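Note that the structure is a prediction, hence the values are computed from the model and not measured. We use all heavy atoms of the structure for the numbers below, so side chains are in, but hydrogens, waters and symmetry mates are not. Here is how names work: the chains are called A, B, and so on, in the same order as the sequence lines, proteins then strands, and each is numbered from 1.
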There are 2 protein chains.
Amino acid sequence: MPLKPLHCVRGPINLDRFHDLCDRLHQKEYKLTPQRKIILQALLLDEDGHLSAEDLYGIVKQQHPEIGLATVYRTLELLADMDILQKMDFGDGRLRYELTGDEAHHHHHLICTQCGKVYEFEDDLLDSLEQAIQKRKNFKIVDHQLKFFGICHHCQNQETRD
Amino acid sequence: MPLKPLHCVRGPINLDRFHDLCDRLHQKEYKLTPQRKIILQALLLDEDGHLSAEDLYGIVKQQHPEIGLATVYRTLELLADMDILQKMDFGDGRLRYELTGDEAHHHHHLICTQCGKVYEFEDDLLDSLEQAIQKRKNFKIVDHQLKFFGICHHCQNQETRD
DNA sequence: ATCTGTGCAAATAGTTTGCAAAGAA
DNA sequence: TTCTTTGCAAACTATTTGCACAGAT
């Protein structure tokens with residue numbers, strides 16, 4: 001019974017993935033509320049990823065105007081605890097959330113300091129570095145974050161003069 | 001006249017470096033107030049680096065009890081603008097500040113998720129990765145941050161069972 | 001029917017800002 | 001003396017929390 005037909009959805013979403021995430025909530029005995037469903041949909045719909053709580057609140061409120069910002073925060077926290085989402089901090093004072101993807105290979109973030117847009121870059125180069133650190137520093141690495149700050153292609157073109 | 005003898009300093013500090021930083025303030029026409037001097041001293045004294053504003057406030061208040069937290073923030077902001085300090089965000093909800101060092105090679109941060117301590121790791125591996133990104137993504141990189149999260153040596157030893 | 005989840009409003013924590021007074025040049 | 005800098009308190013921003021009610025199971 002978890003998979004009711006999706007209404008009010010503006011684009012195509014991956015129904016299998018949605019179904020799967022709903023099941024994971026079920027398995028943990030979490031209730032499948034309309035707020036949670038709509039937040040999951042919004043996350044699946046989002047192309048760029050990297051949504052902040054406020055971003056999501058704005059999106060989700062269109063279809064569920066009575067939803068509270070606190071609910072969005074609580075749901076994101078819940079999904080992050082379940083490893084459905086990753087919290088990301090790009091240093092702009094708000095946390096952003098990204099659906100946990102393929103564990104196979106990492107991606108890093110390119111953050112444009114001019115327009116704030118976040119790009120991704122696939123790479124596995126860090127694995128060997130991690131192993132070196134584990135040995136040399138005796139530090140058991142659980143996670144890493146690599147961020148590059150700079151000027152994106154688009155903003156470079158707009159730079160005529162300073 | 002910038003270099004008055006340092007009193008109330010608990011440890012040895014690099015006087016040349018202190019003198020140099022004072023000069024840089026002068027050159028930018030910034031006033032050399034006792035608050036600024038004492039904050040610079042505290043930064044030079046600190047071994048671990050990675051002090052937060054509140055950390056510094058605590059240290060500095062011992063010698064200058066009337067100092068305001070806002071002054072600490074404003075001074076740190078000023079020093080960061082002058083590239084004397086680097087702002088660092090380790091995801092614990094407060095910014096930390098580190099004296100800008102040798103530009104020659106980078107160091108990365110190992111952040112213990114158990115005790116919060118921050119270790120450093122020297123490495124230049126990222127240069128080739130940066131160049132690859134510049135070309136492939138046409139993204140002009142200005143800065144990067146690489147953080148590893150995990151369990152430090154000390155906390156691993158304390159882990160008897162879960 | 002039960003107990004989790006929600007909306008609201010108030011609380012928090014780190015940081016920033018307005019303003020009048022202090023003080024470096 | 002002049003104009004920057006300071007201390008205080010209030011403002012801000014993102015996020016969290018308490019509580020009574022709504023609602024999923």
Mind calculating the distance between [atom1] ([X]) and [atom2] ([N]) to the nearest angstrom?
| X | N | atom1 | atom2 | result |
| --- | --- | --- | --- | --- |
| A/L32 | C/dT4 | CG | C1' | 13 Å |
| B/H64 | D/dC8 | NE2 | P | 12 Å |
| B/D81 | C/dT15 | CG | C1' | 15 Å |
| A/L78 | C/dG5 | CG | P | 7 Å |
| A/Y57 | D/dT16 | OH | P | 16 Å |
| A/K37 | D/dG23 | NZ | C1' | 12 Å |
| A/I39 | C/dG7 | CD1 | P | 9 Å |
| B/H26 | C/dA25 | NE2 | C1' | 8 Å |

Check your understanding: Is the centre of the A/H108 ring less than 6.0 Å from the centre of the B/H144 ring?
Key ->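 Aromatic pair excluded; centres sit 6.0 Å or further apart.
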Practice item. Indicate whether OP1 or OP2 belonging to D/dG23 is found under 4.0 Å from a side-chain N or O atom of A/T33. Key: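 Answer no for this pair, as no side-chain N or O of A/T33 is under 4.0 Å from OP1 or OP2.
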Revision key, fill the gap. Note: contacts of residues 65-76 of chain B with DNA chain D (heavy atom, under 4.0 Å) are B/E66, B/I67, B/G68, B/A70, B/T71, B/R74
Exercise for review: For DNA chain D, determine which residues of residues 88-98 of chain B have any heavy atom closer than 4.0 angstrom to one of its atoms, and list them numerically.
Suggested key: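 Contacts with DNA chain D under 4.0 Å: none.
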Non-hydrogen atoms of [X] and [Y] that approach each other most closely:
| X | Y | value |
| --- | --- | --- |
| A/L69 | A/Y57 | N-CE1, 3.5 Å |
| A/L56 | A/V72 | CB-CG1, 4.2 Å |
| B/H50 | B/R96 | O-NH1, 2.9 Å |
| A/L95 | A/K87 | CD1-CD, 4.1 Å |
| A/R94 | A/D89 | O-OD1, 4.4 Å |

**Study point:** 5' priority, DNA chain C, between B/E54 and B/Y30 [closest heavy atom]
**Key:** B/E54
**Study point:** Residue closer to the 5' end of DNA chain C, A/R36 versus B/A53 (nearest nucleotide)
**Key:**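 Its nearest nucleotide being more 5', the pick is A/R36.
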Exercise for review: Looking at every strand, decide which applies to A/Q35 at a 4.0 Å heavy-atom threshold: base, sugar-phosphate, or nothing.
Suggested key: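 Contact class for A/Q35: sugar-phosphate only.
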Practice item. Please say whether more than 12 non-hydrogen atoms of neighbouring residues, nucleotides or ligands are located less than 6.0 Å from CD in A/E66. Key: yes
Review point. Linking I/L/V/M/F/W/Y whenever any side-chain heavy atoms sit under 4.5 Å apart, do A/L146 and A/M88 land together?
Key: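 No; tracing contacts between hydrophobic side chains, which count when under 4.5 Å, never links both residues.
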Revision key, fill the gap. Residue pairs meeting salt bridge (Lys or Arg N to Asp or Glu O under 4.0 Å), one or both in residues 128-138 of chain B, sequence neighbours left out, come to none
